[in-house]
Amino acid sequence: MKRMLLHEYRRHAYLGRPPSRQTLINWIRHGALAGEKVGGAWVVFVDDNGEALHSTGNALADAALSRWKDQQLTR
């Protein structure tokens, strides 16, 4: 597991219009996106390919994130 700064993750993970910085922070806070605040910076936990670790243990949240990401890729 690696860490990626939130602004780098936004550029890397989303085509077109990414979710806002605040949305991603909310996802981290609520466990929908694996990450944390380190010092003053938010980081997202990613695998070796730069893909976010989305598994939250909550099947409903995982499914919603997966659908949202799929929609972003088809736009």
State, yes or no, whether a side-chain contact exists between [X] and [Y] at a heavy-atom distance under 4.5 Å.
{"X": "M4", "Y": "F45", "answer": "no"}
{"X": "L6", "Y": "R21", "answer": "yes"}
{"X": "R29", "Y": "W42", "answer": "yes"}
{"X": "W27", "Y": "V44", "answer": "no"}

message: Is it the case that the side chain of R10 and the backbone of P19 share a donor-acceptor pair, with hydrogens and angles ignored and the cut-off at 3.5 Å?
response: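 A pair under 3.5 Å: yes.
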
- prompt: Can you tell me how far the CZ atom of R11 sits from the CG atom of L5, to the nearest 0.5 Å?
  reply: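 Answer rounded to 0.5 Å: 9.5 Å.
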
- prompt: Taking all non-hydrogen atoms of both residues, which atom of I28 and which atom of V43 are closest, and how far apart?
  reply: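 Minimum heavy-atom contact is CD1-O, 3.8 Å.
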
field: Worked check of side-chain contact (heavy atoms from CB on, under 4.5 Å) between R3 and V46
entry: CA-CA 6 Å; R3 295 178 181 179; V46 297; over 6 Å; no

